[in-house]
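Take a look at the structure below.
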Amino acid sequence: MIGVIDLGKAYGARTLFEGVSLKLVSGSRYGLVGANGSGKTTFLEIVAGDEPASEGAVTISKGARVGVLRQDRFMRDEDAILDVAMTGDELVTRAFEEQRLLAASEAPDPARLVELEDVIRAHDGYTLEARASAILEGLGIPIASHRQPLATLSGGFKLRVLLAQVLLGGPDVLLLDEPTNHLDILSIRWLEKFLAAYQGCALVISHDQRFLDNVATDILDVDYGTITLYPGNYSAFARDKVAIRERKEAEIARAETTIAEKKAWVERFGAKATKARQAQSRLKQIEKIEVEELESSSRRAPLFSFEPERKSGRDVLEISKVSKAYGPKQVLTDVSVTVRRGERVAIIGPNGLGKSTLLKIATDNLAADSGAVKWGHETRVGYFAQDHHETLVDPDATPLDVIWSAVPKAETSYVRGQLGRVLFSGDDVKKRVSALSGGEAARLVFCRIMVEKPNVLVLDEPTNHLDLEAIEALIEALRAFDDGTLVFVSHDRAFVAALATRILEVTPQGFRDFPGTYDEYLERCGDDHLDADTVVLKAKREKASASEANAKAGGAPAGALSWEEQKKRANRLKQLPAKRDQVVAAIEAAEARKAAIHAAWCEPGYYEKTPPAEVAKLEDEEKALGPKIDALLAEWEALEAELAEAAR
């Protein structure tokens, strides 16, 4: 499907990757991972044809349709949401438009009208609206909103419409750059299931380890100046990469030890005439030993540090009866929250309920319709917006300009030193803001916050564009923010669990305030809003409860079963635990077999020693195990849901 031949990309003296040769096939979903700035997005753009390669070539099967999630794609705010999504199927949309124009003309061409009708029918054109509506609903945009103008959506939801466009087009090749960034848990789960059933070739950039574990069949790792293919999901890749690196380092250490021993022998006995022949022999042996030079990893962690210039007063923030609506949609109603010094407040809940809106109002970046916001004595606020453009307003500015604008009297050495802490060095400090990757822009915003020395941090989805190393570094820095106060919105379960000392849960009924950590919140409340399976199961239960309530309201007796049906149901419930255990055993066996195959592939000299026919047979078996495991996991999930429902 996609052939990558000796591909390389460099910007001046800086080489992102070179010598990359890959064969990416249909039915596989490739997770593209690597450090921020390592070249992931650049590789995706080269495959999409948006960026030229420095060397080599990329080929895509003739006639294959390519779908690309471009977050800068132009959309007209006055267009209806559904209409924007439907344009994703360009072939059908063009056919309908031409058909409409021909029908309105004075002398339409009957033969062309027949051709267009054939095109529309061949590509399920008359189901286009229903398909677009289903995808939009799956991505969390309710049916009631589909006919409304695009302008009624926030930036994050507009990106969901872009994603719906791409998915609706039925592409043979799917290229997605951080598709989960603006999705809530239910929408991420829907996208996971969509991709699991996708039959084409998918290439996905993501820093969400759980998402990659659920979606990826293979991982493409951009590191060491090249791109390496690892079979399996992210967890398998993480283990295999470490194991391979450790094995290579051990081989190099053994070779260096052998060389050192032979050199020591030559130095000790080489001058003796009786040992001269043996010394020459050992020198020749040393010359034949090849010591591989390992490339250094591009994965580096920034050094975040937040040190307040002074402490704030005890009462940090008071939000009183704040309300906000976007047109007819009311997102906040009489919200009142008080935050005190030292608290780490996590605001969680589904998208669209006003979490980001509340932070914007609190930081004076958006006016409330009513209510008041009062900051306490000596508070100094550092705000991280979900959209970096809200902070980095000048696209032509450089990182140097951005930091100097925050501390205009600072010395050059100080500004460069702070930028170096967040991995901007050399000419990187002179790059235009518009040329920065999402991760680089996020690190730059954090650098600006660091030099401003706030005692209150207000962070809106701070991990969205950061790689795993940067997320870990950010967690450590925020843990050390002892004299400050933290208020943040996040869908990252590990991030929330590591930091929060208070949970504000946003629900359609309002805010629920829990004084405690996320683990304590789970223990007390039981609803894990950041875990996909738990959220999906809860949504199913709520839907079932609503259906049951409607049935009762209509006079139908809910749950009225005949004696035979009750007996069948009882027998079924008795069999469920055993059936579940059988499925779990089958999953473990299939995963063990897959791990064994991966281990065999990683053995030194495997491909040289193994006949090609046996290699191909093992590859076919490994490919077949992926769908089998997915099917078993789906069956296990259904059984668990049924057992949970029976226990209610």
Going by atom types only, do [X] and [Y] share a side-chain donor-acceptor pair under 3.5 Å?
{"X": "Glu343", "Y": "Thr501", "result": "no"}
{"X": "Thr127", "Y": "Asp124", "result": "no"}
{"X": "Ser305", "Y": "Glu307", "result": "yes"}
{"X": "Glu440", "Y": "Ser437", "result": "yes"}
{"X": "Asp460", "Y": "Ser356", "result": "yes"}
{"X": "Arg448", "Y": "Ser405", "result": "yes"}
{"X": "Asp492", "Y": "Ser490", "result": "no"}

Worked check of ring pair (Phe, Tyr, Trp, His ring centres under 6.0 Å) between Tyr518 and Phe495: CA-CA 10 Å; Tyr518 190 63; Phe495 188 80; over 10 Å; no

For the pair [X] (side chain) and [Y] (backbone), establish whether a donor and an acceptor sit closer than 3.5 Å, ignoring hydrogens and angles.
{"X": "Trp375", "Y": "Ala362", "answer": "yes"}
{"X": "Glu472", "Y": "Glu469", "answer": "no"}
{"X": "Ser133", "Y": "Ala130", "answer": "no"}
{"X": "Asp213", "Y": "Arg210", "answer": "no"}
{"X": "Arg341", "Y": "Gly484", "answer": "no"}
{"X": "Arg340", "Y": "Arg314", "answer": "no"}
{"X": "Lys355", "Y": "Gly349", "answer": "yes"}
{"X": "Lys321", "Y": "Ala372", "answer": "no"}
{"X": "Arg344", "Y": "Thr485", "answer": "no"}
{"X": "His146", "Y": "Ile141", "answer": "yes"}

Dump the intermediate steps for side chain to side chain contact (heavy atoms under 4.5 Å, CB included) on Leu332 and Phe511, then the final yes or no. CA-CA 10 Å; Leu332 296 174; Phe511 280 66; 4.1 Å; yes

In Å, rounded to the nearest 0.5 Å, how long is the span from [atom1] of [X] to [atom2] of [Y]?
{"X": "Ile81", "Y": "Met86", "atom1": "CD1", "atom2": "CE", "answer": "13.5 Å"}
{"X": "Leu44", "Y": "Leu203", "atom1": "CG", "atom2": "CG", "answer": "5.0 Å"}
{"X": "Leu195", "Y": "Arg29", "atom1": "CG", "atom2": "CZ", "answer": "7.0 Å"}
{"X": "Ile471", "Y": "Leu466", "atom1": "CD1", "atom2": "CG", "answer": "5.5 Å"}
{"X": "Tyr326", "Y": "Thr152", "atom1": "OH", "atom2": "OG1", "answer": "12.0 Å"}
{"X": "Leu358", "Y": "Lys324", "atom1": "CG", "atom2": "NZ", "answer": "12.5 Å"}

With salt bridge (charged side-chain N to carboxylate O under 4.0 Å, His left out) as the test, would you mind laying out the steps for Arg432 and Asp396 before giving the verdict? CA-CA 5 Å; Arg432 294 169 65 237; Asp396 295 323; 2.5 Å; yes

Starting from the C-alpha separation in whole Å, work towards a yes-or-no answer on side chain to side chain contact (heavy atoms under 4.5 Å, CB included) for Ile348 and Leu504. CA-CA 6 Å; Ile348 66 172; Leu504 274 181; over 6 Å; no

Electrostatic pair Glu309-Arg380, nearest N-O below 4.0 angstrom: yes

For the residue pair [X] and [Y], establish whether any side-chain heavy-atom pair is separated by less than 4.5 Å.
{"X": "Val422", "Y": "Leu303", "result": "no"}
{"X": "Asn365", "Y": "Tyr383", "result": "yes"}
{"X": "Leu174", "Y": "Leu167", "result": "yes"}

Could you give me the CA-CA distance, side-chain angles and deciding distance for Phe481 and Phe304, then say whether side chain to side chain contact (heavy atoms under 4.5 Å, CB included) is met? CA-CA 11 Å; Phe481 190 52; Phe304 296 122; over 6 Å; no

All ring pair (Phe, Tyr, Trp, His ring centres under 6.0 Å) counterparts of His388, not counting sequence neighbours: Phe384, His465

From the list Leu359, Asp387, Val489, side-chain contact (heavy atoms from CB on, under 4.5 Å) with Glu461 holds only for Val489

Looking at every non-hydrogen atom in both residues, tell me the closest pair between Ile475 and Ala498 and how far apart they are. CG2-CB, 3.8 Å

Testing the basics here: between Cys447 and Ile403, what is the closest heavy-atom pair and its distance to 0.1 Å? SG-CD1, 3.7 Å

Is the terminal nitrogen or CZ of Arg502 (NZ for Lys, CZ for Arg) located under 6.0 angstrom from the six-membered ring centre of Phe514 and within 45° of that ring's axis? no

Could you check whether Arg160 makes a cation-pi contact with Phe157, meaning its NZ or CZ is under 6.0 Å from the centre of the six-membered ring and within 45° of the ring axis? yes

List the steps and the verdict of salt bridge (charged side-chain N to carboxylate O under 4.0 Å, His left out) for Asp315 and Lys374. CA-CA 10 Å; Asp315 293 325; Lys374 180 182 178 183; over 6 Å; no

Under the criterion ring pair (Phe, Tyr, Trp, His ring centres under 6.0 Å), I'd like the reasoning laid out for Phe211 against Tyr234: C-alpha separation, chi angles, the key distance, then a yes or no. CA-CA 9 Å; Phe211 177 74; Tyr234 186 87; over 10 Å; no

Check the pair Leu474, Glu476 against side chain to side chain contact (heavy atoms under 4.5 Å, CB included), reporting the backbone distance first and the verdict last. CA-CA 5 Å; Leu474 179 61; Glu476 290 305 312; over 6 Å; no

Does atom CG of Asp369 have more than 12 heavy-atom neighbours from other groups under 6.0 Å away? yes

Worked verdict on Glu505 versus Arg512 for salt bridge (charged side-chain N to carboxylate O under 4.0 Å, His left out): CA-CA 5 Å; Glu505 179 200 343; Arg512 182 164 69 170; 2.5 Å; yes

Kindly determine whether Arg147 and Glu129 satisfy salt bridge (charged side-chain N to carboxylate O under 4.0 Å, His left out), including the steps that lead there. CA-CA 11 Å; Arg147 295 291 180 185; Glu129 185 173 318; 2.6 Å; yes

